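In what follows, a structure is listed as structure tokens, so that the remarks can point back to it.
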Amino acid sequence: MTETTTEAARRTGPTTEEIHRTRAGVTVDAPAELVYRTLTDVSGWPLLYPWIAHTEIVEERGTEDLSKFWAVRPGPEGGLRIWQSRRRLHDDTLRMVFEQQGTVGAIRRLGGEWLFVALEGGGCRVESHHWFTTDQDPAITAGELDRHGALQMRTLKAAVEGRERDGRLVLRAERRALRPGTVADVHARLSAALGQVGTAAETAVFGTADTPRPDGSTSSGRIVHIGRAPHTIVVKHLDPPREFALYRRSWRLAQEADGVRVTAERLAVARPETLAADSGGQRRAELLAWLGAGAEHDVREGADRLVG
């Protein structure tokens, strides 16, 4: 359930901005600390929230960090929403305070807090309290935040409560290799091999790509390509193979004394029906082997390509 209230206007500079508030909440049948850790683990958001393509912690100092998010907007308007939030974590009280950095769309400013309160009978109550200023009708912005807040809560509840049941649906394969050269050179070669040529420090584009499938076939599907030179590339498949609800490929690059360490990962979430009859685990093992072979290919991607 969500609700919206409006606070009296306050002066924030030469003009007066009216601050509005929204609130969302849900009861989760799990320990408060577990739910808190799940929500505040930014690196896990692409798995927790299907619309998140990538996340990064840009800077970190003590209990405060600056996190960046890339999200695929649902619905017919589509597009990629990119924003940064400064977060302060209070592990002792299970509370997260945040404020979005910069303007995103009609929202000029956005901040608030998340609370995780243990219940006497077990489980916990999760609440999010948001404040915002906006350039459009505040009722429109509040409605968008309410809908998204309710979706966040439902998704968080389902993920935590289904953790043990659905854990086997998460499939991950990782391969590593050492490549000669500098991290910038390797990143450029890899980007070129994936169809992204240029010197931009950051890219985020939609496209299409041929996607191999576990049954040996290949089909063309939509992707979003995110590049963070010189250390990260992410390709999220928006039309994943039918066996998966989520399918993502990523590369992390790190300069070492004797070359560049390339870590390639393939991450997938199997649809429940894919493993419904897999009591012996054979089908899951086959899919993991397929992902592993793909990651082995990815770690060699662009190794022989010359750029420039």
Side-chain angles (χ1 to χ4, degrees), residues 40-61 64-73 78-87 98 100-105 172-209 211 222-238 240 246-256 259-268 294-295 297-303 305-308:
T40 57
D41 176 17
V42 168
S43 66
W45 273 42
L47 196 55
L48 174 64
Y49 292 123
W51 56 87
I52 298 291
H54 181 53
T55 59
E56 280 185 22
I57 293 182
V58 179
E59 61 184 53
E60 193 170 15
R61 184 182 303 169
E64 186 174 308
D65 66 45
L66 180 65
S67 296
K68 190 165 186 173
F69 304 82
W70 288 257
V72 178
R73 296 183 54 148
L80 196 67
R81 181 174 178 237
I82 305 171
W83 76 97
Q84 293 188 132
S85 285
R86 191 164 295 281
R87 311 184 312 155
F98 77 95
Q100 181 176 283
Q101 305 297 288
T103 299
V104 177
R172 192 190 308 261
E174 185 177 281
R175 298 293 186 271
R176 298 182 180 185
L178 196 64
R179 296 291 175 222
T182 67
V183 68
D185 289 340
V186 173
H187 190 279
R189 291 199 300 269
L190 178 55
S191 296
L194 295 171
Q196 299 298 317
V197 180
T199 59
E202 182 175 319
T203 57
V205 296
F206 288 93
T208 58
T211 304
R222 297 169 302 144
I223 63 167
V224 56
H225 176 112
I226 298 167
R228 290 275 284 162
H231 54 77
T232 302
I233 294 175
V234 173
V235 175
K236 180 165 185 177
H237 294 257
L238 304 180
L246 179 149
Y247 182 46
R248 194 184 83 145
R249 303 157 66 200
S250 64
W251 293 259
R252 302 189 306 276
L253 282 60
Q255 189 74 56
E256 297 186 358
V260 178
R261 178 66 62 185
V262 179
T263 302
E265 179 190 72
R266 291 208 179 191
L267 172 67
H297 170 272
D298 288 348
V299 83
R300 299 192 304 269
E301 188 79 79
R305 179 180 288 263
L306 296 178
V307 177

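Residues take their numbers from the sequence shown, with the count starting at 1. Note that the structure is a prediction, hence the values are computed from the model and not measured.
Here the closest non-hydrogen pair linking V299 and W251 is N-NE1, 4.4 Å. Scanning both residues, A264 and A295, for their nearest heavy atoms gives CB-O, 3.8 Å. A pairwise comparison of heavy atoms in A53 and V224 identifies CB-CG1, 4.2 Å as the closest pair. Between P180 and V186, the shortest heavy-atom distance links the atoms O-CG2, 3.7 Å. Taking each heavy atom of A254 and V183 in turn, the nearest pair found is N-CG2, 4.4 Å. Of all heavy-atom pairs spanning V260 and T182, the tightest one is CG2-C, 3.4 Å.
Taking the side-chain hydrogen bond (donor to acceptor under 3.5 Å, both in side chains) definition, one finds that R248 meets it with nothing, sequence neighbours left out. For R175, the salt bridge (charged side-chain N to carboxylate O under 4.0 Å, His left out) test picks out E296, with sequence neighbours left out.
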Candidate pair R252 and R228, rule side chain to side chain contact (heavy atoms under 4.5 Å, CB included), full reasoning: CA-CA 10 Å; R252 302 189 306 276; R228 290 275 284 162; over 6 Å; no
Using side chain to side chain contact (heavy atoms under 4.5 Å, CB included), reason through E56 and I226 one step at a time and then give a plain yes or no. CA-CA 12 Å; E56 280 185 22; I226 298 167; over 6 Å; no
CA sep, side-chain torsions, deciding dist, call: R222, V72, side chain to side chain contact (heavy atoms under 4.5 Å, CB included): CA-CA 12 Å; R222 297 169 302 144; V72 178; over 6 Å; no
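A salt bridge is defined here as a Lys NZ or Arg NE, NH1 or NH2 lying under 4.0 Å from an Asp or Glu carboxylate O, and E301 with R179 fails to meet this definition.
Taking the six-membered ring for Trp and thresholds of 30 and 60 degrees, W83 and F69 have nearly parallel ring planes, at less than 30 degrees apart.
Between L47 and R172 there is a side-chain heavy-atom pair separated by less than 4.5 Å. Within the 4.5 Å cutoff, the side chain of R266 has heavy atoms near those of the Y247 side chain. Here the side chains of R86 and E59 are in contact, with some heavy-atom distance below 4.5 Å.
Judged by distance alone, with hydrogens and angles left aside, the side-chain atoms of R87 form a donor-acceptor pair with the main-chain N or O of T40 at under 3.5 Å. Proximity of a side-chain donor or acceptor of E60 to a complementary backbone N or O of E64 within less than 3.5 Å is not detected.
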